[in-house]
Amino acid sequence: IRRIHMPTETYMKHFVKLHTDSDIIYENNSKHVDNYRIGSLPSCEILVKQAIHILYHKEHSDNNMVDFSRNDLNRMWKKTISCINPGDFQFTLPLLDVSSTMLQTDPDAFYSAIAIAMMISSRSSMEYRILTVASSPTWIQWKHTDSFVDIVENIIESISPTQCSSLQYENSISLIIQSLYGSMSTTRFVDNMQIVCISDFALHMQFDEISQIFDMNMLDVSPTIIYWNVATQNIANVDVNLSGHKHYYHSGNSIHALKTIIQSSGPMTMYETIANTLDCSRYSNPSSYLYSLCKYTSS
């Protein structure tokens with residue numbers, strides 16, 4: 001086994017390689033992670049993927065290296081979610097697609113979906129719970145003291161019985177409605193609630209049915225429905241009225257994409273999200289250059 005010492009910047013860049021090569025032990029003060037820039041940390045998808053790797057490939061790893069990897073992953077996750085304040089996602093419930101198509105079609109999207117659901121739940125006033133959806137729904141809950149790797153393990157173990165099944169949103173929405181009735185939720189609570197459906201939308205579905213299920217159960221109001229596309233390889237086929245009341249459609253896997261639904265006036269529409277992103281000051285110089293280039297070419 002080789003023991004090496006390297007700058008933290010290099011460690012971040014080659015994080016996955018260093019934690020999957022059992023012949024290398026990285027030596028450095030890992031507390032540097034706590035003070036490191038969020039943009040230089042591995043993506044959320046990589047953190048989830050690496051957590052799954054060390055959880056289910058222990059037989060090929062040195063025990064000390066596994067413990068070291070777990071500690072670093074926990075620190076990185078804590079640092080990553082620090083940019084989102086507790087309670088930013090008021091009354092928000094992640095609805096996580098864990099059906100067969102999700103993992104088979106786009107594994108990276110599956111890892112991103114888990115991370116997004118965890119981040120929303122960890123910062124929601126409906127604390128530390130997500131609802132997974134496949135052939136049947138499953139509530140997953142954890143404690144605020146649980147570590148990142150422990151939460152990932154909880155999710156993977158909980159979804160294993162239904163992960164290879166088909167996608168059926170109706171049962172999950174019905175379970176949410178039953179929970180609202182059982183907890184005697186007020187109309188105001190339901191009206192302010194947000195359901196974030198996180199999926200790669202590999203299957204063509206009429207998602208307006210989610211609101212219709214609330215109507216059929218004689219609820220006067222329905223939550224805001226946010227359809228979050230995490231697909232990285234395919235174009236999502238979502239049949240939903242994006243301009244309809246309280247329906248929004250988002251895509252992306254970054255923290256920046258996650259922040260677009262934390263707005264004082266509520267989530268933004270797809271058009272507003274794109275316009276807001278492109279209006280960023282960092283695009284001013286490239287925009288001016290492209291405008292001048294096109295103007296010069298046309299003349």
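Basis for what follows: all heavy atoms, side chains included, without hydrogens, waters or symmetry-related copies.
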*Decide side chain to side chain contact (heavy atoms under 4.5 Å, CB included) for Ser124 and Leu93; before the verdict, give the C-alpha distance in whole Å, the side-chain angles of both, and the deciding distance to 0.1 Å.*
CA-CA 8 Å; Ser124 172; Leu93 175 67; over 6 Å; no
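- Looking only at distances, no side-chain donor or acceptor of Asn192 sits under 3.5 Å from a matching main-chain atom of Phe189.
- Contact annotation: the side chain of Leu131 approaches that of Leu175 to within less than 4.5 Å [non-hydrogen atoms, C-beta and beyond].
- Residues Met118 and Ile155 are in side-chain contact: their nearest non-hydrogen atoms beyond the backbone lie under 4.5 Å apart.
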*Hey, mind stepping through Lys143 and Asp146 against salt bridge (Lys or Arg N to Asp or Glu O under 4.0 Å) and telling me if it holds?*
CA-CA 5 Å; Lys143 303 175 184 176; Asp146 289 346; 5.9 Å; no
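- When only modelled atom types and interatomic distance are considered, Ser112 and Asp108 share no side-chain donor-acceptor pair under 3.5 Å.
- In this structure a side-chain-to-backbone donor-acceptor pair under 3.5 Å is present from Ser121 to Arg129.
- Ile226 places a side-chain heavy atom less than 4.5 Å from the side chain of Thr224.
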*Any chance you could lay out the side chain to side chain contact (heavy atoms under 4.5 Å, CB included) test for Glu170 and Ile173, step after step, and finish with the verdict?*
CA-CA 5 Å; Glu170 294 83 356; Ile173 300 301; over 6 Å; no
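- The shortest side-chain heavy-atom distance between Ile52 and Lys49 does not fall under the 4.5 Å cut-off.
- Rounding to the nearest 0.5 angstrom, the gap separating the CG atom in Leu55 from the CZ atom in Arg70 is 5.5 Å.
- Judged by distance alone, with hydrogens and angles left aside, the side-chain atoms of Asp88 form no donor-acceptor pair with the main-chain N or O of Ile84 at under 3.5 Å.
- With hydrogens and angles ignored, the 3.5 Å screen pairs no side-chain donor or acceptor of Ser185 with any backbone N or O of Val190.
- Here the closest non-hydrogen pair linking Ile195 and Met193 is CG1-CE, 4.0 Å.
- How far OG of Ser158 is from CD of Glu153: 10.0 Å, rounded to the nearest 0.5 Å.
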*Residue pair Asp191, Thr187: steps toward the side chain to side chain donor-acceptor pair (under 3.5 Å) verdict*: CA-CA 6 Å; Asp191 189 41; Thr187 300; over 6 Å; no
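- Taken from OG1 in Thr92 to CD1 in Ile130, the straight-line distance is 14.0 Å, to the nearest 0.5 Å.
- When all heavy atoms of Ala109 and Ala231 are compared, the pair lying nearest together is CB-CA, 4.1 Å.
- Looking at Leu73 and Ile54, their side chains come closer than 4.5 Å, going by heavy atoms from C-beta outward.
- A distance of 9.0 Å separates CG of Asp150 from OG1 of Thr145, quoted to the nearest 0.5 Å.
- For the pair Cys44/Asn253, no side-chain contact is recorded, criterion being any heavy-atom separation below 4.5 Å from C-beta on.
- In this structure, Trp228 contributes its side chain and Pro94 its backbone to no donor-acceptor pair below 3.5 Å.
- In terms of modelled atom types and a separation under 3.5 Å, the side chain of Thr132 and the main chain of Val98 share no donor-acceptor contact.
- The closest donor-acceptor contact from the side chain of Arg123 to the backbone of Phe89 lies at 3.5 Å or more, if one exists at all.
- Between Phe148 and Trp77, the ring planes are parallel. Angles under 30° get that label, and only those over 60° would be called perpendicular.
- Here the options are Val230, Ile198, Asp200, the test is side-chain contact (heavy atoms from CB on, under 4.5 Å), and the partner is Asp97; only Asp200 passes.
- The line from CD1 of Ile151 to CD1 of Ile140 is 11.0 Å long, rounded to the nearest 0.5 Å.
- Note that the CG atom of Asn229 and the OG atom of Ser199 stand 7.5 Å from one another [nearest 0.5 Å].
- Between the side chains of Asn171 and Ser174, no donor N or O sits under 3.5 Å from an acceptor N or O.
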_Checking Leu96 against Ile114 for the side chain to side chain contact (heavy atoms under 4.5 Å, CB included) test, could you report, in this order, the C-alpha distance in whole Å, the side-chain angles of both residues, the deciding distance, and whether it holds?_
CA-CA 7 Å; Leu96 176 62; Ile114 291 177; 4.2 Å; yes
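- When hydrophobic clusters are built by joining Ile, Leu, Val, Met, Phe, Trp and Tyr residues whose side-chain heavy atoms come closer than 4.5 Å, directly or via intermediates, Leu47 is grouped together with Tyr56.
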